[in-house]
Each structure stands twice: as structure tokens, then as C-alpha cells.
Amino acid sequence: MKIDASFVKSAAGARDLPRDALARIALVGRSNVGKSSLINALVRRRLARTSAAPGLTRLANWYRVSREREKPFYLVDLPGYGYAKGGPSSSREFEKLTASVFGEGQHRQTHRALSALLIVDARHPGLESDRAAWEWMQETVAASGIVATKIDKLARGRRIRAIEEIESVFRHPVAAVSAATGEGLNELWKLIARLTKHE
Ligand code: GTP
Ligand code: MG
């Protein structure tokens with residue numbers, strides 16, 4: 001299957017975000033959870049920079065992605081939360097993120113063309129900061145999904161239990177993936193297709 005992906009821009013704030021009407025999917029998650037790696041795994045190229053040290057992605061990085069003959073959309077790689085000292089998941093951190101994706105002063109509105117994927121670590125169900133991020137997403141975006149990544153780090157026998165636990169915390173289905181092995185990426189593409197069609 002053919003996938004086209006290109007870097008569009010880095011945005012520190014509200015100015016010069018793409019103005020077209022293409023769907024946008026923001027990746028939301030703790031620093032170091034594997035958001036940038038997941039983008040690379042999805043598009044099968046090293047587009048986004050990744051690092052073993054948390055806090056690498058500091059701006060909202062916009063990528064334009066299209067798959068076969070489907071309509072293109074934007075994947076937005078966001079800086080992770082929970083890295084800055086002074087408390088993970090403070091609403092200030094989320095508001096800063098919101099501003100970098102939608103523009104300042106609009107964070108109370110729901111953004112119809114925008115959906116978000118919450119990326120959590122399959123090994124750490126129900127972290128406080130992830131739950132706060134999920135709540136923020138419910139108030140902010142039109143459609144959302146949950147992805148549990150680094151599933152390769154769990155022994156096979158523990159995976160189903162781990163996913164069930166995450167699903168019960170968020171009361172929402174979870175797609176289990178690994179950017180390292182590529183497991184679950186087909187399911188994730190299906191989820192992405194559903195999110196981009198939600199208009
Ligand atoms: P920030 O930009 O700091 O918010 O981090 P991020 O969420 O973009 O994480 P990043 O993709 O940079 O990955 C962090 C570390 O986790 C890197 O060392 C990756 O190689 C590793 N990693 C990411 N995804 C996986 C995975 O699915 N499996 C394994 N084993 N390691 C992974
Ligand atoms: Mg990153």
C-alpha cells in the first residue's frame with residue numbers, strides 16, 4: 001500500500017497554521033510515550049525525530065499524510081506533557097498545546113475538523129496525567145481514540161489483560177500497537193480512517 005507523507009511545518013503558537021479544510025489528527029500523550037515513533041511507523045519513514053530522552057518534540061509538528069487514493073489529512077505531533085517540572089497534566093500545559101494546534105483563545109470551542117488520538121503506554125494503565133488529557137480531549141476535539149503503544153514490551157500473555165485494564169479506565173476501546181514491531185498498525189489505520197471521516 002502506498003503512503004505519501006511530508007513534513008509541513010513546526011508551529012510554536014497560533015500563527016500560520018494550515019488554513020485548508022483537511023482533517024487533522026493530533027497525537028496527544030506523555031513525553032517519551034512514543035508519539036513521534038508512531039508517526040514514523042505509520043508512514044514507514046523516519047519523518048519525525050525521536051529520542052530516548054523525554055521532551056524532544058517542543059513544537060507542534062504538522063505532517064501531511066495520504067494513503068493510496070484517500071483524501072490527505074494532517075497528523076500533528078505534539079510536545080508531550082508531564083515533562084516540565086511543576087506538575088504533569090496541569091491545565092496550563094494542555095492549553096498551551098491547544099493554542100499550538102488551533103490558535104489562541106479558542107480552547108473552549110470544539111473543533112470540528114480536529115480529532116485526537118491519546119497515546120498511552122501499554123504498561124501503565126490509567127495514569128493521572130493521561131486521564132486528565134482524555135478529559136481535555138473530550139471537551140476540545142470532535143472525535144477521539146485511544147492507542148496503547150509499546151505493546152512489544154509486554155509478554156504476550158499479559159497483553160490482553162493490560163488492554164482490558166486500559167479500556168476499563170477510559171471506558172473506551174483501545175488499539176494496541178508497537179512502533180518497534182509494527183503490530184497493530186493496520187487496526188490503527190482503520191481507526192484513523194474513521195476519525196478523518198468524522199466531519
Ligand atoms: P516527546 O517528543 O518527548 O513527547 O516523546 P515521544 O512521545 O515523541 O516519544 P518518541 O517517539 O521520541 O519515543 C521515545 C522512546 O521510546 C524512543 O527511545 C523510542 O525508540 C521508544 N519507543 C517508541 N515507541 C516504541 C515501541 O512501540 N516499542 C519500543 N520498544 N520502544 C518504543
Ligand atoms: Mg516526540
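When a ligand or atom number is given, it counts from 1 through the structure's own listing order. Note: hydrogens, waters and symmetry copies are ignored here, and every other heavy atom, side chains too, is used.
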- request: For the Mg ion (ligand 2), decide whether Ser36 has an N, O or S atom at a distance under 2.8 Å.
  value: yes

- request: Give yes or no for whether the N/O distance cutoff of 3.5 Å, strictly under, is met between Val177 and ligand 1.
  value: no

message: Within the supplied structure, the quantity of interest is the number of heavy atoms (other residues, nucleotides, ligands) at a distance under 6.0 Å from Ile3 CD1; does it exceed 12?
response: yes

field: Inter-residue atom distance Lys2.NZ - Arg67.CZ, 0.5 Å rounding
entry: 13.0 Å

message: Using a 4.0 Å cut-off to any heavy atom of Ser37, which atoms of ligand 1 qualify?
response: 10 (P), 11 (O), 13 (O), 19 (C), 23 (C), 24 (N)

query: Between Gly34 and ligand 1, does any nitrogen or oxygen pair lie at a separation below 3.5 Å?
result: yes

message: Taking distance alone, with N or O pairs closer than 3.5 Å, would you say Arg49 contacts ligand 1?
response: no

- request: List every atom of ligand 1 that sits less than 4.0 Å from any heavy atom of Lys153, numbering the atoms from 1 in the order shown and giving each element.
  value: 29 (C), 30 (N)

- prompt: Does some non-hydrogen atom of Gly29 fall short of 4.0 Å from ligand 1?
  reply: no

message: Give the atom numbers and elements of ligand 1 that come within less than 4.0 Å of a heavy atom of Gly80.
response: 4 (O)

- request: May I ask you to check whether Ala179 has an N/O atom sitting below 3.5 Å from an N/O atom of ligand 1?
  value: yes

- prompt: So, Thr140 side chain and Met137 main chain: donor-acceptor pair closer than 3.5 Å or not?
  reply: no

Separation of Phe73 CZ from Leu195 CG (nearest 0.5 Å): 9.5 Å

message: One pair to check against salt bridge (charged side-chain N to carboxylate O under 4.0 Å, His left out): Glu165 and Arg158. What are the steps and the verdict?
response: CA-CA 11 Å; Glu165 215 174 318; Arg158 293 192 48 214; over 6 Å; no

- request: Mark up the atoms of ligand 1 that fall under 4.0 Å of a heavy atom belonging to Ser178, in ascending order.
  value: 27 (O)

query: When you measure from atom 25 (C) of ligand 1 to each heavy atom in Lys35, Glu183, Lys150, which option holds the nearest one?
result: Lys150

message: Heavy atom to atom 30 (N) of ligand 1, shortest distance: which of Thr50, Asp152, Asn40 holds it?
response: Asp152

query: Could you give the distance from OG (Ser36) to OH (Tyr63), rounded to the nearest 0.5 Å?
result: 6.5 Å

statement: Counting heavy atoms under 4.0 Å, the part of Thr149 that contacts ligand 1 is side chain

message: Would Asp77 count as a polar contact of ligand 1, with the cut-off being nitrogen or oxygen pairs under 3.5 Å?
response: no

message: Using a 3.5 Å distance criterion without hydrogens, assess whether the side chain of Arg30 forms a donor-acceptor pair with backbone atoms of Asp130.
response: no

query: Under 3.5 Å, side chain of Arg24 to main-chain N/O of Pro18, donor-acceptor pair present?
result: yes

query: Between CZ of Arg161 and CD1 of Ile166, what distance do you get to the nearest 0.5 Å?
result: 11.5 Å

